[in-house]
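Notes follow once the structure below has been shown.
Sequence lines set the chain letters: A, B, ... in the order given, protein chains first and strands last, and positions in each chain run from 1. This is a predicted model, so every value here is computed, not measured.
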Amino acid sequence: MKNLETKLGRAVFRNPLFGCSGCVGHAYELAPYTDLSQYGGLSLKTVTYLPRVGNPADRICEVTAGCISSVGLPNKGPDDYFANVVPKALNVLDPDQAIVSVAGDCVEEYVELCERVQDLFGNRIAAIELNAACPNASHGIGYFSRDAKAASELIHAAKSSVDLPILYKFNTNFENYLEVGKAVSDAGVDAIFTTSTPMGIKIDIKTKKPVLGNTIGPACGPAVLPFGMLRIWNLYKEVEVPLIASGGAASWRDVIEYMLAGASAVGIGSAHFATPDIVPGILADLKEYMEREKLDSLTGLIGAAHR
Amino acid sequence: MKAELIKKQVITGKDTLYVFRCPEIAEKALPGQFVEVKLSAEFFLRRPVSIFDCDGSETISLLVRSVGKGTEYMLSLAEGEVLDILGPLGQGFSLPAEPGKCLLVGGGIGLAPLYYLAKCLKKQGNDVQLFFSPRRDAQLLDAIDNDQFPAVIAENRKDIADRLPQSIEGMQYVFSCGPEGLLEQTALECIKKDIFCQVSMERRMGCGIDLCKGCVVAVYTENGLEYKKACCDGPVFDAKEVAFHEKP
């Protein structure tokens, strides 16, 4: 009997394949094109404390071996999100799969959002994702991913306010990411969900201008896989909590490689754009791999490349 | 969906017509909708392409201008090759409830979604005329059965300004696709004359199915300026709705 169950702190998911926030809409947009039951977890697009219109066009463009995008977390704010978006998402996801992603400017805003999520959907979702990789009006981009003290305070505050498992969506593109990762781990987060997408730019050689309305944006896709791999490799040695890797994963091979580097689960992100039904295929391939390798579980692979 | 390329026809030095057999899309496609074409592993994103023609049961046609690596790659496709095409996607043009006088305003490769629309309008009993610009692209009209659709051809932007108002005069329905400057001119002229007008907006798309929230168009709503998405709210918008120069 193959067992793909994936334990991330207090949360238990049906398998280690996750849909990354920002690349899978709010699940219901994806539902007509795939079998959502094949996901371990799926993070909805982030809600912020205040509504955001998002960035001007263009927001996304292709580059070699990937794309760069800067969407700017557009959302109509918590009232609309909790009344309309989450209930619609929960029509297509099971409670053990749904992850609500929240972001604020300060600890208090994150905590208030967490409390509302727990009050409204506490028994219908698997976990809350604290998006610490996003723009921060007061302190600049990725504040909670590059300030270890702030990150630790945020985890403590969220954990003392809600019972739901907490995932930390963590931008590893700062020099001190190991220090921050350790602080988050020590603060008792259930799992760290990395985003390892370095900033990039695309210039249109006809208009001689940057393509993105926001000028720069994170690069995603196969191009960033080895960089994400190294971050997981390094974090695995430093932190005690499970890691959900993301950055360029698009096949069962990438998933196994991330697990060998130290990930307990793997997020599939921008690969959905061209292949919205990618996850059921990867899951089937993983099961075939387990069959070939005579494995009942993948947990023995986690961090195996370090041993 | 699997789509077999059954015919490839060079129209101009830079424009090619591709006919695909794909009943799943052909049975459902409406004028103004688009498809997302997966090319090779070299290309990370699909390419959004307007549906140029459709027989309603078996085939769809795409008229594609080679402007970048993806569209240049398409030139290498051979008849018999099978591609993965997603569609039909998006909100197309609204056909008039009552037949009337229709003008289709196309700029360059913006002609692409207007041909299937023209055929549907004609079938419905509308009087259909075409206003096309610029003349240097007029060879594109070889892709359509232009005996049925009399075309006014403008030389250039100045000529559009001189002749478009006259062409719109007396029309009941106007539909446009092309460069934004042309769409805006068309929209303004129709708003002044209180004529129904829809425009098809082009945006870079990440997915075409509303996952990435990338392809935004600024629109006026009762709540003020907002972003809508070309892939699912459009690509066709009411001309009065589009904010050509403002951002939310």
Side-chain angles (χ1 to χ4, degrees), chain A residues 19-34 45-46 51-76 80 202 204-206 211-213 217 219-223 248 250-251 269-277, chain B residues 1 28 36-48 67-71 73 83-89 179-180 201-219 221 223-235 242-248:
Chain A
C20 295
S21 181
C23 297
V24 289
H26 308 97
Y28 50 79
E29 300 94 329
L30 183 59
Y33 301 96
T34 193
K45 195 160 174 60
T46 301
R52 291 174 63 94
V53 292
N55 292 333
D58 288 328
R59 288 178 169 183
I60 185 164
C61 71
E62 185 173 279
V63 294
T64 304
C67 62
I68 59 168
S69 66
S70 186
V71 174
L73 295 179
N75 73 95
K76 291 182 177 171
D80 173 77
K202 172 76 177 173
D204 185 322
I205 60 169
K206 286 190 194 121
V211 170
L212 294 184
C220 313
S251 72
S270 55
H272 281 93
F273 297 162
T275 314
D277 61 347
Chain B
M1 296 113 186
K28 291 190 235 157
E36 282 274 0
V37 183
K38 200 175 202 176
L39 300 173
S40 69
E42 187 193 337
F43 300 97
F44 186 66
L45 300 177
R46 289 173 184 256
R47 294 298 187 272
V67 288
K69 278 197 281 186
T71 43
Y73 169 84
L83 298 192
D84 172 349
I85 299 185
L86 209 57
L89 301 171
E180 268 189 38
M201 302 295 291
E202 186 178 351
R203 285 288 180 273
R204 278 180 201 265
M205 288 184 185
C207 60
I209 54 173
D210 199 24
L211 300 181
C212 72
K213 319 291 177 191
C215 53
V216 283
V217 174
V219 295
T221 73
N223 303 317
L225 271 172
E226 284 182 8
Y227 280 129
K228 286 192 177 178
K229 282 148 292 171
C231 71
C232 56
D233 302 309
V242 178
F244 287 98
H245 298 287
E246 291 175 280
K247 291 172 193 164

Proximity breakdown for A/S270 and chain B, heavy-atom pairs closer than 4.5 Å: both

For chain A, which of B/I209, B/D84, B/L211 has the most heavy-atom pairs under 4.5 Å? B/L211

For A/A274, what residues pass the side chain to side chain contact (heavy atoms under 4.5 Å, CB included) criterion, not counting sequence neighbours? B/K38, B/R46

N/O donor to acceptor pairs below 3.5 angstrom from side-chain atoms of residues 223-234 of chain B, sequence neighbours left out:
residue: B/K228; atom: NZ; partner: B/E241; partner atom: OE2; Å: 2.9
residue: B/K229; atom: NZ; partner: B/D210; partner atom: OD1; Å: 3.1
residue: B/D233; atom: OD2; partner: B/K229; partner atom: N; Å: 2.7

Taking side chain as everything from C-beta outward and backbone as N, CA, C, O, which of these in A/A271 sits under 4.5 Å from a heavy atom of chain B? Side chain, backbone, both or neither. backbone

Structural part of B/K247 lying under 4.5 Å from a heavy atom of chain A: side chain

May I ask you to name which of A/A65, A/P222, A/S69 has the most heavy-atom pairs under 4.5 Å with chain B? A/P222

With a 4.5 Å cut-off on heavy-atom pairs, point out which of A/G54, A/G72, A/G66 contacts chain B the most. A/G66

Between A/P276 and B/L86, what is the shortest heavy-atom contact and its length? CG-CD2, 4.2 Å

Toward chain B, the part of A/C23 with a non-hydrogen atom under 4.5 Å: backbone

Which value, rounded to the nearest 0.5 Å, describes the distance between B/K213 atom NZ and A/N75 atom CG? 11.0 Å

Donor-acceptor pair, A/R59 side chain versus B/V216 backbone, under 3.5 Å? no

Chain B heavy atoms under 4.5 Å from A/V24: which part of the residue, side chain, backbone, both or neither? backbone

What closest approach, in Å, do B/G206 and A/F273 show between heavy atoms, and which atom pair accounts for it? O-CB, 3.4 Å

Nearest 0.5 angstrom please: A/I60 CD1 to B/R203 CZ, how far? 14.5 Å

Top contributor to chain B contacts, counting heavy-atom pairs under 4.5 Å, from A/K206, A/E62, A/H26: A/E62

Count the heavy-atom pairs under 4.5 Å between each of A/C61, A/A250, A/A27 and chain B, then report the option with the highest count. A/C61

So which atom in A/D58 and which in B/R204 form the shortest heavy-atom distance, rounded to 0.1 Å? OD2-NE, 3.1 Å

